[in-house]
Amino acid sequence: MRGRDLKIFLSIVIVSLVIGGFFDVGDVASGTMYSNLITFLSIVIGFEITSLSIIFNTPLKKLLYDRKIFHYRTELHRLRDFYRFSIYLSLFEIVFIFLVPEFSLWDCGWWKVGKVMIVVPIIFSSVYCILRLCQDLFRIFVFPTNGA
C-alpha cells in the first residue's frame, strides 16, 4: 500500500486506537471476543483469496496490466500490493491475538489501555481493506474483456 491509501489506513488505525479504549467490547475473560474476531478475520482472508483467484483466472488481468497508474507501475500491481497488504495484515492480527497474553496497563472505568484496545483498530482496519478491495472490484467489473 502506498501514497494516499497508506495515509488513510494509518489515520484509521491511529484514530481507532484512541477510540478503542472507550469501547466495552465484551467479556475478555472468557475469550469469546477474541475467538469472534479471529473468525471474522478468517472470513476476510477467505474472501480476499477467492476474489484474488477470480481476478487471476480472467482475461481482465491483461487489461489491468495495461492500465498505468500513479505510485504503482500498473493497476494490476496496485491490486496485488493491496491484496498482499490486506492478507498479511489479517494474518499478523490473528497471530497477535493468539500470542499476546491479555494485559491491562490502565483502567479508569471510562478508558482502558491494554490488549482490549486493539479490537476496534483490527475491526476498522480490516473493514477498510475489504471496502477498498470491493470498491476496486466493482470498479473493474465494468471493464470490457474479450471485445464485449
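Numbers for residues simply follow the sequence, beginning at 1.
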Could you see if L37 belongs to whatever hydrophobic cluster contains F96? Use Ile, Leu, Val, Met, Phe, Trp, Tyr and a side-chain cutoff under 4.5 Å. yes
Mind checking whether L52 and L137 sit in one hydrophobic cluster, side chains of I, L, V, M, F, W, Y counted as touching below 4.5 Å? yes
If hydrophobic clusters are built by linking Ile, Leu, Val, Met, Phe, Trp and Tyr wherever their side-chain heavy atoms come under 4.5 Å apart, do L63 and F56 end up in the same one? no
Correct closest heavy-atom pair for R132 and F82 would be CG-CZ, 3.2 Å
Apply the test side chain to side chain contact (heavy atoms under 4.5 Å, CB included) to residues I43 and F47: give CA-CA distance (whole Å), side-chain angles for both, the deciding distance (0.1 Å), then the verdict. CA-CA 6 Å; I43 292 169; F47 165 77; 5.6 Å; no
One should read off an interatomic distance between F138 CZ and L131 CG, to the nearest 0.5 angstrom, of 10.0 Å
One should read off an interatomic distance between I130 CD1 and S51 OG, to the nearest 0.5 angstrom, of 7.0 Å
Is there a chain of hydrophobic side chains (I, L, V, M, F, W, Y, each step under 4.5 Å between heavy atoms) that links V100 to L91? yes
Rounding to 0.5 Å, atoms CD1 (I45) and CD1 (I94) come to a distance of 4.0 Å
| task | Begin from the C-alpha positions of I55 and I140 and carry the test side chain to side chain contact (heavy atoms under 4.5 Å, CB included) through to its verdict. | result | CA-CA 10 Å; I55 290 175; I140 65 174; 4.1 Å; yes
**OP:** Please lay out, stage by stage, how F124 and V13 fare under the test side chain to side chain contact (heavy atoms under 4.5 Å, CB included).
**Re:** CA-CA 7 Å; F124 284 6; V13 169; over 6 Å; no
d(I8 CD1, D5 CG) to nearest 0.5 Å is 6.0 Å
Practice task
Run the numbers on I38 and F98 for side chain to side chain contact (heavy atoms under 4.5 Å, CB included), then give the verdict.
Solution key: CA-CA 9 Å; I38 289 171; F98 273 128; 3.6 Å; yes
Carboxylate-amine/guanidinium proximity below 4.0 Å for E75 and R139: yes
*Report yes or no: does S125 contribute a side-chain atom to a donor-acceptor pair with the main-chain N or O of I122 at less than 3.5 Å?*
yes
ask   = Do we get K68 above Y65's six-membered ring, with its NZ or CZ under 6.0 Å from the centre and within 45° of the axis?
value = yes
Between the CZ atom in F92 and the CG atom in L89, the distance rounded to the nearest 0.5 Å is 8.0 Å
Tightest non-hydrogen contact, residues C129 and S86, listed as CB-OG, 3.3 Å
Check your understanding: Is the side chain of T74 donor-acceptor paired with the backbone N or O of H77 at a distance under 3.5 Å, no angle test?
Key -> yes
Pair D81 + R78: basic N to acidic O under 4.0 Å
no
Donor-acceptor contact present, side-chain S53 to main-chain T50, <3.5 Å
yes
Original post:
Under 6.0 Å between ring centres, would you say that holds for F85 and F9?
Top reply: yes
Closest non-hydrogen contact found for S90 with V44 is OG-CG1, 4.0 Å
Report whether V15 and V119 are members of the same hydrophobic cluster (ILVMFWY, side-chain heavy atoms less than 4.5 Å apart, transitive linking).
yes
Output for pair (I14 CD1, I19 CD1), nearest 0.5 Å, gives 12.0 Å
